[in-house]
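Take a look at the structure set out below.
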Amino acid sequence: MSKIVSHIAVVAGDEAVCSRWVNALNDAVAKQPGDKAVSILHFLGAASQEQVLQQVASDGLLQAVILDGVTIENTSELVRTIKSMRSELDLFLAVPRDTVVPELPVELLDRDDEKASHLLRQVQTAIERRARTPFADTLRDYVFSAKDAWHTPGHSGGDSLRDSPWVADFYELMGEHIFNTDLSVSVQVLDSLLEPHSVIQESQDLAARAFGARHTFFVTNGTSTANKVIIQHLLGAGGKMILDQACHKSIHHAVILFGVEPIYLEASLKADYGFYGPVPKDRIIAAIDANPDAKLLTLTSCTYDGFYYDLEPIIAYAHERGLKVLIDEAWYAHGRFHPALRPNALESGADYVTQSTHKMLSAFSQASMIHVNDPDFDEHRFREHLNMHTSTSPQYAMIASLDVARKQMSMEGFAQLERCIDIAGRVRAAIDATGVFRVLSLADMLPAELADDNIRVDPTKLSIDVSASGYSARQLQLDLFEDFGIQVEKVTHNTLSVLVTLGTTESKVMRFISAMQKLAASAPGVGENVRRRVSSLPALSDIAMLPREAYFGPARNVPLTGAQHELNQALVGALSADQVVPYPPGIPVLVPGQVISENIARFLLDLYRSNSGIEIHGMVTQGDEPCLRIVHSDASSIALTG
Ligand SMILES: Cc1ncc(COP(=O)(O)O)c(C=O)c1O
C-alpha cells in the first residue's frame with residue numbers, strides 16, 4: 001500500500017515562531033526511518049487564525065493542528081471553533097512548562113522542549129491511535145496465523161464447502177475470507193461481544209471518542225434491535241413514552257414488547273410527494289407539557305427522506321422536565337463528520353442515539369451502534385438488556401466492519417463527505433438541466449406547518465420529482481434497473497430517491513446522469529405535468545388500550561368488506577389488535593389498541609383496491625378476503641384510563 005500523506009497545521013501569532021517550528025518538524029520527519037510511520041506527515045504553517053480555519057474548512061488531508069499557546073490570543077475560542085467544524089482532528093496546545101491550562105479538548109506540548117523529534121512522536125502517536133482498528137487488526141492477524149479450528153462454526157473456515165462437488169460454488173462466490181473470518185467466542189483473543197474487555201472494548205472506546213459519546217456499544221442486529229434495547233433499558237417495566245407516530249416499526253414493536261404507554265405525535269405530511277416530515281416543534285412541546293409523567297421522548301432525525309430537526313431546544317425542554325431523549329439516527333451516522341451536517345443528535349444533547357452504521361457508512365448490513373451520553377447511565381443494567389437481544393454467535397466480520405467504518409470516518413470522513421456533497425450538487429444540477437426531472441429542495445419538500453422549526457435536509461439524499469415526465473416513479477424505477485442497470489433507493493408515486501454515499505463513484509454518477517438524460521429525452525408526457533396527490537393519511541384516532549394487551553389478548557379476524565363489497569361497518573369503532581402499516585413508506589396507520597375510525601378503514605380499503613403495489617403489512621388475508629385482526633369485544637372493555 002502506498003504511504004498516506006497527512007497534513008498537520010502549525011498556527012502561531014508570530015511568523016518567525018511558526019516557520020521555525022514547521023521547519024524543525026519537517027526536518028524531524030525527513031530524518032525518521034522510512035518504514036516507521038503509518039502516514040507521512042507534512043507540517044504546514046498558518047500565520048493567522050483565519051488561515052488555519054480556512055485550512056480546517058477545506059483540507060481533507062488535515063489530521064491535526066498545533067496551536068502556540070503563547071503567541072495566539074484566545075486559544076480556547078479557537079480550539080472550540082476548530083472542534084465545532086472538525087471534531088476528529090487532534091489538537092495540540094504548545095505551552096511553557098508549569099502553565100495552568102483550562103479544560104480543553106487538546107493534548108499539551110512542552111513549548112520549552114527543543115527537540116522537534118519529541119513533539120513529532122507525540123503528534124504521530126495521536127494520529128496512529130485514531131487510525132488503529134483493534135478488533136479488525138486482531139481478526140486479520142488471527143486469520144493469517146492459520147490456526148486449526150476444532151470449534152464452531154461448523155464450516156470450519158470454509159473447509160466443509162471448499163472441496164464439495166455440490167456446494168464449492170458457494171465458497172467460490174463468497175470468497176475464502178468470508179469463511180475464515182467467521183469465527184466464534186471460542187477464539188479468546190478476539191474478545192467477547194457480550195462481555196468485552198480487550199479488543200472489542202478498545203474498538204468501542206475508539207468509536208465513542210469518534211462519535212462524541214461517553215459509551216458506544218456495537219450491535220450486530222441492526223438499529224431495529226438497538227432501539228428495542230434502549231426502550232427496554234428505560235421503560236422495560238412500562239411507563240409513558242412520547243414518540244413520533246412515523247417512527248420506525250422497531251420502536252412500535254418495543255411499545256408492544258415492554259407494555260409501554262405510547263403518546264403518539266402526529267407526523268407532518270407532504271401529500272404532494274408522499275413524504276412524512278418531522279413532528280412540528282409546538283406539538284412536541286405540547287405533548288411534553290401534557291404528560292408530566294412521561295419518561296422518554298423518541299424522535300427520528302434524520303428521516304428516510306433526510307429531514308433533520310433543530311434538536312437542541314427540543315432536547316433542552318425535555319431534559320428540563322425530566323425526560324430522557326432517544327434519537328433514532330439510523331440514517332445519520334455521517335452527521336458528525338462534516339460541518340455542513342452538524343450538529344447531530346449527541347451534539348444537541350441526546351441521551352441515547354442509535355445509528356445504522358451500515359446505511360450511510362461502510363459497515364456490513366446489520367452493523368449498528370448505540371451511543372450513550374445519559375448522565376444517569378447504569379452500564380451494568382444496560383449490558384444485561386443488550387445481552388438479552390444479542391446472539392451468542394455474533395458475526396465477526398460485522399464487528400470488524402464497525403471498527404473499520406469508524407476508522408474511515410475518523411481519518412477521512414470529512415474529505416469523503418466533501419466529495420459526496422459535491423457529487424450531490426452536480427447530480428442535482430444535471431437532473432434539473434433535463435427540464436423534465438427536478439431534484440426537490442427543502443422548500444419543496446417541507447410541510448408548511450414546519451416552516452419556523454429550523455428543519456434542514458441532508459444534502460446527500462436526493463428526492464427527484466418525476467411528475468412532469470409522464471412516467472410513474474415505479475415505471476422509471478423499473479426502466480432504470482432493466483435498461484441501465486441502476487437500482488435506486490426508493491420511490492413514492494411521483495418521486496425517486498437516490499443516496500449519495502461514500503461508495504458513490506464518478507462512473508456511477510456519469511451513468512446515472514446519462515440514464516436520466518436519455519429517459520428525459522424520451523419522456524412521454526413532457527410539459528403535461530401529471531402531478532397527482534396521494535390520498536392523505538387519515539387522522540390518528542384514539543388509543544383505547546395498551547398496545548401490548550391488544551396485541552397479545554384475545555382477537556378475531558374481521559373482513560374489510562361486507563356482503564355487497566362495501567366497507568364492513570363492524571370494523572368501525574373496534575380496536576385493532578395489530579400494527580397495520582402501508583409499505584412503503586412503512587408508517588403505521590393503526591397500532592394495537594387503536595380505535596379503527598371509519599376514515600382509517602376506508603383508507604385501507606381504498607389502498608387495498610388501488611393495486612398501487614403498496615404492501616399493507618399487518619392486514620390478514622383469509623382465503624381471498626382481506627381482514628383486520630380486532631380485539632375481542634370483552635377484552636376491549638378493559639380500556640386504558642387517563
Ligand atoms: C428510521 C429507522 N430506524 C431504524 C431502522 C432499522 O435499522 P436497521 O435496518 O439497521 O435494523 C430503519 C430502517 O430502515 C429506519 O429507517
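Starting from 1, each residue takes its place in the sequence as its number. First listed ligand is number 1; within each ligand, the first listed atom is number 1.
Looking at Arg283 and Glu449, a side-chain N of the basic residue comes within less than 4.0 Å of a carboxylate O on the acidic one, giving a salt bridge.
Remark: ligand 1 and Asn227 share no N or O pair separated by less than 3.5 Å (distance only, no angle test). Ligand 1 has an N or O atom lying under 3.5 Å from an N or O atom of Thr223, backbone or side chain. Residue Asp328 has at least one N or O atom closer than 3.5 Å to an N or O atom of ligand 1.
For ligand 1, the atoms closer than 4.0 angstrom to any heavy atom of Gly222 are 10 (O), 11 (O). Annotation for ligand 1: atoms under 4.0 Å from non-hydrogen atoms of Thr300 are 1 (C). Heavy-atom contacts of His358 reach the following atoms of ligand 1: 8 (P), 9 (O), 10 (O) (cutoff under 4.0 Å). Distances below 4.0 Å separate heavy atoms of Ser368 from the following atoms of ligand 1: 10 (O).
In this structure, Lys490 is positioned above the aromatic face of Tyr304, its NZ or CZ under 6.0 Å from the six-membered ring centre and within 45° of the axis. Taking the ring centre of Tyr317 as origin, the terminal cationic atom of Arg321 falls inside the region bounded by 6.0 Å and 45° from the ring axis. Geometrically, Arg456 does not engage Tyr309 in a cation-pi contact, judged by NZ or CZ lying under 6.0 Å from the ring centre and within 45° of the ring axis.
For the salt bridge (charged side-chain N to carboxylate O under 4.0 Å, His left out) test, no residue two or more places apart in sequence or in another chain qualifies with Arg548.
In terms of protein heavy-atom proximity, atom 16 (O) of ligand 1 is nearest to Trp331 NE1, 2.8 Å. Among all protein heavy atoms, the one lying closest to atom 15 (C) of ligand 1 is His248 CD2, 3.5 Å.
For Phe217 and Phe382, the ring centers are positioned less than 6.0 Å apart.
Considering Cys247, Ser356, Ser365 only, the shortest heavy-atom separation from atom 7 (O) of ligand 1 involves Ser356.
Between Phe307 and Phe275, the two ring planes are perpendicular [angle over 60°; tilted spans 30° to 60°].
Taking 4.0 Å as the cut-off, Lys359 counts as a neighbour of ligand 1 on heavy-atom distance.
Looking at Ser224 against ligand 1, both its backbone and its side chain come within 4.0 Å, counting heavy atoms.
When each of Leu326, Leu323, Val260, Val325 is checked for a side chain to side chain contact (heavy atoms under 4.5 Å, CB included) with Leu296, only Leu326 meets the rule.
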